[in-house]
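What follows is a short report on a single structure.
When a residue number appears, it is its place in the shown sequence, counting from 1.
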Amino acid sequence: MRKFLLAASLLGFTLHASAADLLDTVKQRGTLKIAVEGTYPPFNYKENNELTGFEVELAKALAQKLGVKAEFSTSEWSAMLAGLQAGKYDIVINQVGITDKRKETFDFSEPYTISSPQLIVRSNETRSFKKLDDLKGKKLGLGQGTNYADIAKAVGGIDVKTYPGSQEYLQDLALGRIDAALNDSLLIPYIVKKTKLPLKAGAPLGDLEKSGIPFVKGNPKFKASLNKALADLQADGSFTKISKKWFDRDVSKPPVAQ
């Protein structure tokens with residue numbers, strides 16, 4: 001009987017532990033494990049061997065609101081969501097678009113950026129690329145595993161070239177190895193302003209897109225706390241301060257609202 005009670009007790013403990021919300025795990029650990037590319041300026045990148053960027057500052061502020069420390073890992077985008085699903089980290093902050101397909105696997109925070117896909121072309125480009133149809137028969141560079149690849153491939157006739165990160169395809173674009181690139185509209189001003197690559201903004205494409213913070217499903221307390229932390233950063237002005245530092249505007253609002 002004593003063995004049965006002990007076994008039942010251990011089973012109950014195991015079931016309780018397996019049902020623990022991510023918030024409890026994060027609080028007990030004292031750290032929030034965060035994945036970023038680390039090669040995606042101005043969102044997240046390394047400067048003097050230290051991670052910096054809009055999303056790095058935002059992640060640190062969110063962790064502080066949750067009462068824990070931010071612990072970063074870097075990963076290629078193509079493997080990042082698989083790593084999240086495997087439990088390598090708690091969240092991803094890397095301009096992850098909130099799509100119906102991704103919501104089948106992950107829960108998301110409220111959106112923290114609103115933007116749109118936009119073409120990037122060489123600064124001396126004279127051809128007119130106003131829409132993806134104009135790139136049929138041309139080479140288009142973009143990141144592996146991004147929803148931009150799905151958008152481009154759906155058109156048909158475009159030679160889609162995928163790369164591990166933005167640095168690689170922007171370099172190829174500057175060298176003339178591809179005809180255009182496709183990325184988040186928030187990235188373009190930074191490229192033009194901060195890099196020495198001979199590139200410029202091309203035409204905006206498609207609808208506005210919302211990006212949020214994904215995490216494993218089944219963690220309602222964590223979701224509520226994460227959204228509260230975001231709301232608190234908005235309310236006390238911290239989010240706007242961080243956003244304006246990197247983009248000169250509040251990126252949680254549509255561009256038309258600025």
Side-chain angles (χ1 to χ4, degrees), residues 13 16-98 102 105-113 165-166 184 186 190 210-247 250-252:
F13 175 80
H16 180 269
S18 64
D21 192 278
L22 179 58
L23 180 65
D24 301 322
T25 303
V26 168
K27 291 280 192 180
Q28 184 175 14
R29 189 199 303 134
T31 58
L32 180 65
K33 295 183 177 180
I34 305 156
V36 297
E37 275 182 274
T39 57
Y40 191 32
F43 298 101
N44 55 79
Y45 64 103
K46 286 187 177 180
E47 191 172 86
N48 299 323
N49 212 34
E50 292 289 332
L51 276 173
T52 187
F54 166 69
E55 287 172 325
V56 174
E57 291 193 18
L58 175 60
K60 289 178 179 178
L62 287 170
Q64 187 174 28
K65 289 290 185 184
L66 292 172
V68 296
K69 292 183 179 179
E71 180 182 319
F72 292 96
S73 298
T74 57
S75 168
E76 286 189 358
W77 166 250
S78 58
M80 195 174 290
L81 293 182
L84 177 63
Q85 193 171 11
K88 291 183 178 180
Y89 19 80
D90 304 317
I91 61 172
V92 168
I93 301 186
N94 204 84
Q95 275 297 92
V96 183
I98 302 172
R102 288 173 181 157
T105 306
F106 305 104
D107 274 341
F108 279 84
S109 70
E110 290 297 317
Y112 66 92
T113 69
S166 59
D184 193 297
L186 293 175
Y190 181 87
K210 297 178 179 180
S211 293
I213 302 168
F215 49 93
V216 174
K217 281 181 175 290
N219 295 286
K221 289 198 300 181
F222 180 80
K223 183 174 183 175
S225 294
L226 184 61
N227 282 333
K228 184 179 184 303
L230 270 172
D232 288 346
L233 290 175
Q234 287 277 12
D236 66 17
S238 299
F239 183 93
T240 301
K241 182 178 179 181
I242 295 170
S243 180
K244 286 187 174 181
K245 172 182 175 180
W246 293 97
F247 301 103
D250 186 342
V251 293
S252 69

Worksheet, complete the sentence: OG1 of Thr52 to NZ of Lys46, rounded to nearest 0.5 Å, is 12.5 Å

Discussion item. With a 3.5 Å distance limit and no angle check, can you tell me whether Asp184 reaches the backbone of Leu186 through a side-chain donor-acceptor pair?
Written reply: yes

Discussion item. To check you understand the geometry: which heavy-atom pair defines the closest contact between Ile98 and Phe108, and what is its length?
Written reply: CG1-CD2, 3.6 Å

Item to complete: Can you establish whether the number of heavy atoms outside Gln64 located under 6.0 Å from its atom CD is more than 12?
Response: no

Discussion item. Could you check whether atom NZ of Lys217 has more than 12 heavy atoms from other residues, nucleotides or ligands sitting under 6.0 Å from it?
Written reply: yes

Item to complete: Taking all non-hydrogen atoms of both residues into account, name the closest pair between Val92 and Pro214 and its distance.
Response: O-CD, 3.1 Å

Worksheet entry | Stepwise side-chain contact (heavy atoms from CB on, under 4.5 Å) check, Phe215 with Asp90 | CA-CA 6 Å; Phe215 49 93; Asp90 304 317; over 6 Å; no

Worksheet item: Taking C-beta and beyond as the side chain, do Thr113 and Phe54 meet within less than 4.5 Å on heavy atoms?
Response: yes

Worksheet item: Does the pair Arg29/Glu71 count as a salt bridge with the N-to-O cut at 4.0 Å?
Response: no

Worksheet item: Does a side-chain heavy-atom distance below 4.5 Å link Leu84 with Tyr89?
Response: yes

Practice prompt. Provide the closest heavy-atom pair for Ser243 versus Val251 in the form atom of the first, atom of the second, distance.
Written response: OG-N, 3.0 Å

Item to complete: Looking only at non-hydrogen atoms, find the nearest pair between Tyr45 and Gly53 and report the distance.
Response: CE2-CA, 4.0 Å

Worksheet item: So, does Asn94 use its side chain to make a donor-acceptor pair with the main chain of Val36 at under 3.5 Å?
Response: no

Worksheet item: Is it true that atom NZ of Lys60 has more than 12 heavy atoms of other residues, nucleotides or ligands lying nearer than 6.0 Å?
Response: no

Worksheet item: Going by the angle between their ring planes, with limits at 30° and 60°, are Phe43 and Phe247 parallel, tilted or perpendicular?
Response: tilted

Discussion item. For Leu32, run the side-chain contact (heavy atoms from CB on, under 4.5 Å) check against Ile93, Leu226, Ile91 and tell me which one passes.
Written reply: Ile91

Practice prompt. Indicate yes or no for a side-chain donor-acceptor contact from Lys27 to the backbone of Leu66 under 3.5 Å, with no hydrogens or angles considered.
Written response: yes

Response to the item:
Closest heavy-atom pair, Asn219 versus Val216, reported as atoms and distance to 0.1 Å, is ND2-O, 2.8 Å

Item to complete: Any chance you could measure Lys210, atom NZ, to Glu110, atom CD, to the nearest 0.5 Å?
Response: 8.5 Å

Worksheet item: Regarding Ser252 and Gln234, is there a side-chain donor-to-acceptor distance under 3.5 Å anywhere?
Response: yes

Enumerate, atom names and distances included, each donor-acceptor pair closer than 3.5 Å involving a side-chain atom of residues 73-80, sequence neighbours excluded.
{"residue": "Trp77", "atom": "NE1", "partner": "Gln144", "partner atom": "O", "Å": "3.1"}
{"residue": "Trp77", "atom": "NE1", "partner": "Gly145", "partner atom": "O", "Å": "3.1"}
{"residue": "Ser78", "atom": "OG", "partner": "Gln144", "partner atom": "OE1", "Å": "3.3"}

Worksheet item: Where do Tyr112 and Gln95 come nearest, in terms of heavy atoms and distance?
Response: OH-N, 3.3 Å

Fill in: Check: Ile242 and Leu233 side chains under 4.5 Å, non-hydrogen atoms
no

Fill in: Donor-acceptor contact present, side-chain Asn44 to main-chain Val56, <3.5 Å
no

Response to the item:
Between the OG1 atom in Thr39 and the CG atom in Leu51, the distance rounded to the nearest 0.5 Å is 10.0 Å

